Amino acid sequence: MSTTAPESELSQNKPWTKRAVRYDEPAVIPRPKRTAGVQTYIPAWAKGTGITMKNFFVNFKERLLGQKRDPVLENYDGGITTLEYPEEKRPYPERFRGLHRLTVRDDGSMRCVACLCCSTACPAQCIHIVPGEYPEGDPRRGYEKYPTEFVIDELRCIFCGFCVEACPCDAIRMDTGMHPVPYDSRDQFIYRRDLMMGFTDRDGSRRSENERHEPGDPSHPGVTRKHDKH
Amino acid sequence: MTLADLLLTILKIAIILGFILNFAGLSVWADRRQSALLQHRVGPNRAVVKVPSNPLRLVIAGAAVAIGAPFGFFFWNAAPGLEQARMTTGLEVAILVGWFWMLLLSNHVRKHGADNGFDELVSRVPPRNYFYAGLAGHLLVLPLVRALPAEVWATQWAPGVCGTLAFIMIAGAGFYAASKLPDGKTELRLAGTLHAAADTVKAFMKEDLAPKRADLLLYSIAPIISMTAALVTVAVVPFGSSLCFKDTNLDGALDLHELGGLANVIDASGACPANYNTVPFMIADIDMGLLFVFAIAGTGIIGAALAGWASDSKPALLGGLRATSQMVSYEVALGLAIVGMLMLCGTVNLREIVDWQGRNTWGIFAQPLAFFLFFAAAVAETKRIPFDLPEGESELGAGYFIEYSGGKWLLFMVGEYAEFVFSSALIVTLFFGGYHLPFLQGDGLHIAFGDSVLYELKMSHLSVTIIHFLAFCTKTIGFVFFHLFIRWTLPRFRYDQLMKLGWTKLLPLTLVNIMVTGAIMLAVDAGGPQVVKGLDLVADITQGLLAIGGLLGSIAMVTWLLEPPKRQRIVVSTSAKLVDAAGGVKPSRMQA
């Protein structure tokens, strides 16, 4: 009466089709063998305790003798994979964007000319700069400004690095390799000019690799006050 | 009771409480540490004390001198008959300290670099070779000292020189270790044990909360009852053999001025000679020993039940009910499991049970089935995994002490761990020979099977007593660790399974054990002296097996410890490449 072919035929014709589940033929799950060993619980217990002890003693030994595997390079066959921060640290990549620092010139004054490019580029609006004129008699007066205040709110900062890219003087960099410390209060996350001038790059330098040409540099004749009449 | 008795009793209470409480704390640490290490985590390791190095140097060097001084001082006037033992002891200690120190130094220098030429010289040999050399030395000393003619070792100077050698090694190791401390401050981490201490301080500084409608009186005394029960039971456990002091005024009581008259040698049975006062290493040497243990341990149930009732909380009440019914059920099996042992020893005094095991064989060989039954029941009695239903976190939160916090919770916690140290001590006392070591008798080492004596070494009363005390502590600590391994292996039973196991398996098996023991005892009695002699030989063989097993086990342990680790570096992921380029995960210049 039924138009559908029997299931066995279907599966023969289309071997890629799954056999339909037939609920009128319940699958027989074999009853597990409850041997004396299973019932007394002792072989399984001994095996489990053995595994526990092995794991414990191996790790204990490696910690005791200072042979702990490198948690990144050598953890593929077990062993402790925890990094014990802050005693142990995984090195940050070369290009890791850490805390900002303000680079300095050869004479130790800051490179920043308070052009406000970084604070304009900042999408989080966490940079606040108050530009100021150099004092009377300083050769840079009237030629470039300097920030009387340079404040970065490290809680607002999203570490995008746009400020570094925007800077025309290579005055702000994020190559310190540091991240902000967990402080007690929010105002401690407000980093000011002198603090950021104190930070160094990973090699301990406060300068920048890129050369800076001061007014009067013969290799860059254009950069001189003589041209201010033009 | 004389003043001396009183002082000694206070001292003993201090020692045993110090051991139990410290070890309860340490086992909390061991518990956490194990749970971490077996899952490849680090575990509690954060507590650090920064100690100025100079005082610490003074402590280390001072301790080394204090430990070594008795060897350098007392060995110059060895009691007659003990010269050979003194010589052997001095040399063995010197060798032990020597190889251990060289091994540590070699390992240290290989890791941290050499400070001077001596370091460099020591580190040329791999650490494990020091151990093998030391082992050979240990074994060689025994026949060598015996081979020496009596004129050599019977003089005063031979033991004195060996003792001084030991003193020089110990003190030298201490001084050299002190010089290795870093300048300024040393970070004391003590393998994370300080973390347990810091946790204790934290718990006591926490707010002590109580539910609004709790019965405050019962709520407050419940942890005290639970803790007291665990601590009081220890009073009757012998934690060492006895000390014999000469009764100079023959009044049969120990006086203060008699404390100087410690016996030099006693006989093999370990009993004090006539006219000597005995000071057993147990707080109360009472004849009902084991009955006292069960009586007091039974009151521990009240603590759990009261805590459950007084907390005015449903999980707490359920936990209290479970604790009560479980402990009552398993107390039956616990009591009946040791009846076979009591029949063999003919006493319930724990010191006499230990002495019986010293004379014959350890309880585990005499009553193997009883040991397993007792062990299972003891785990259930201390409410530990796999029988920790009263606390069952998944069902009841923390069970009967769910409402407790701060110091009161800590009392429960320490009480539980103290109970657990105590149950280990009791198992050691009943089934693992207590403070006895194979072949070590009151007057020294007698390696003998039946009537054939293989090796003999006379030892002084004091050194045998010290070894006995250390043996008891070591066995107990080992058993605590074994308990913990079980805890971190097994899942929890269901409550009906628990009751079924207790009443339908353990209880009938204990009864069977009693009957079989009785039948065998009758058979042995009927067999006559030949059978008794054969059994004695079998007992000696078990002792020999224990000794060989223990020695081989410790050698295998040290060998395994010193085996260089196998390394497999795999640099696949980006971060692994980065770390590889930086020379591995290391303390770096980057500051947090």
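As the structure is a prediction and not an experimental result, all values here were calculated from the model. Lettering of chains follows the sequences in order, A, B, ..., and the numbering in each one begins at 1.
Both the backbone and the side chain of Leu561(B) come within less than 4.5 Å of a heavy atom of chain A. In this structure, chain A has no heavy atom under 4.5 Å from any part of Gln39(B). Contacts between Asp580(B) and chain A at a heavy-atom distance below 4.5 Å involve backbone atoms as well as side-chain atoms.
Around the CZ atom of Arg192(A), the shell of radius 6.0 Å holds no more than 12 heavy atoms that belong to other residues, nucleotides or ligands. Within 6.0 Å of CZ on Phe189(A) lie more than 12 heavy atoms contributed by other residues, nucleotides or ligands. Other residues, nucleotides and ligands contribute over 12 non-hydrogen atoms within 6.0 Å of the CD atom of Gln39(A). No more than 12 heavy atoms of other residues, nucleotides or ligands lie within 6.0 Å of NZ in Lys185(B), so this atom counts as exposed by the packing criterion. Shown here is Gln125(A), whose CD atom has no more than 12 heavy atoms of other residues, nucleotides or ligands within 6.0 Å.
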Under 3.5 Å donor-acceptor pairs involving side-chain atoms of residues 47-54 of chain A, not counting sequence neighbours:
{"residue": "Thr49(A)", "atom": "OG1", "partner": "Trp45(A)", "partner atom": "O", "Å": "2.7"}
{"residue": "Thr52(A)", "atom": "OG1", "partner": "Gly48(A)", "partner atom": "O", "Å": "2.8"}
{"residue": "Thr52(A)", "atom": "OG1", "partner": "Thr489(B)", "partner atom": "OG1", "Å": "2.6"}

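Checked against side chain to side chain donor-acceptor pair (under 3.5 Å), Asn513(B) has the following partners two or more places apart in sequence or in another chain: Gln367(B).
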**Message:** Checking Val58(A) against Leu37(B) for the side chain to side chain contact (heavy atoms under 4.5 Å, CB included) test, could you report, in this order, the C-alpha distance in whole Å, the side-chain angles of both residues, the deciding distance, and whether it holds?
**Reply:** CA-CA 9 Å; Val58(A) 169; Leu37(B) 286 182; over 6 Å; no
**Request:** Would you please test Tyr41(A) and Phe493(B) for ring-ring contact (aromatic ring centres under 6.0 Å, His included) and show each step?
**Result:** CA-CA 12 Å; Tyr41(A) 204 51; Phe493(B) 278 107; 5.4 Å; yes
**Message:** With side chain to side chain contact (heavy atoms under 4.5 Å, CB included) as the criterion, how do Leu73(A) and Ile570(B) come out once you've worked through the C-alpha distance, each side chain's angles and the decisive distance to 0.1 Å?
**Reply:** CA-CA 6 Å; Leu73(A) 299 175; Ile570(B) 300 182; over 6 Å; no
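Applying a 4.5 Å heavy-atom cutoff, none of the residues of residues 369-388 of chain B approach chain A.
Within the structure, ring pair (Phe, Tyr, Trp, His ring centres under 6.0 Å) pairs that include any residue of residues 97-117 of chain A comprise His100(A)-Phe159(A) (at least two apart or interchain).
Lys61(A) places no side-chain N or O within donor-acceptor distance of the main-chain N or O of Leu562(B), the cut-off being under 3.5 Å.
Ring geometry for Phe485(B) against Phe57(A) counts as tilted: the plane angle lies between 30° and 60°, on a 0 to 90° scale.
Here CG of Asn55(A) is found 13.5 Å from CH2 of Trp488(B). Values are rounded to the nearest 0.5 Å.
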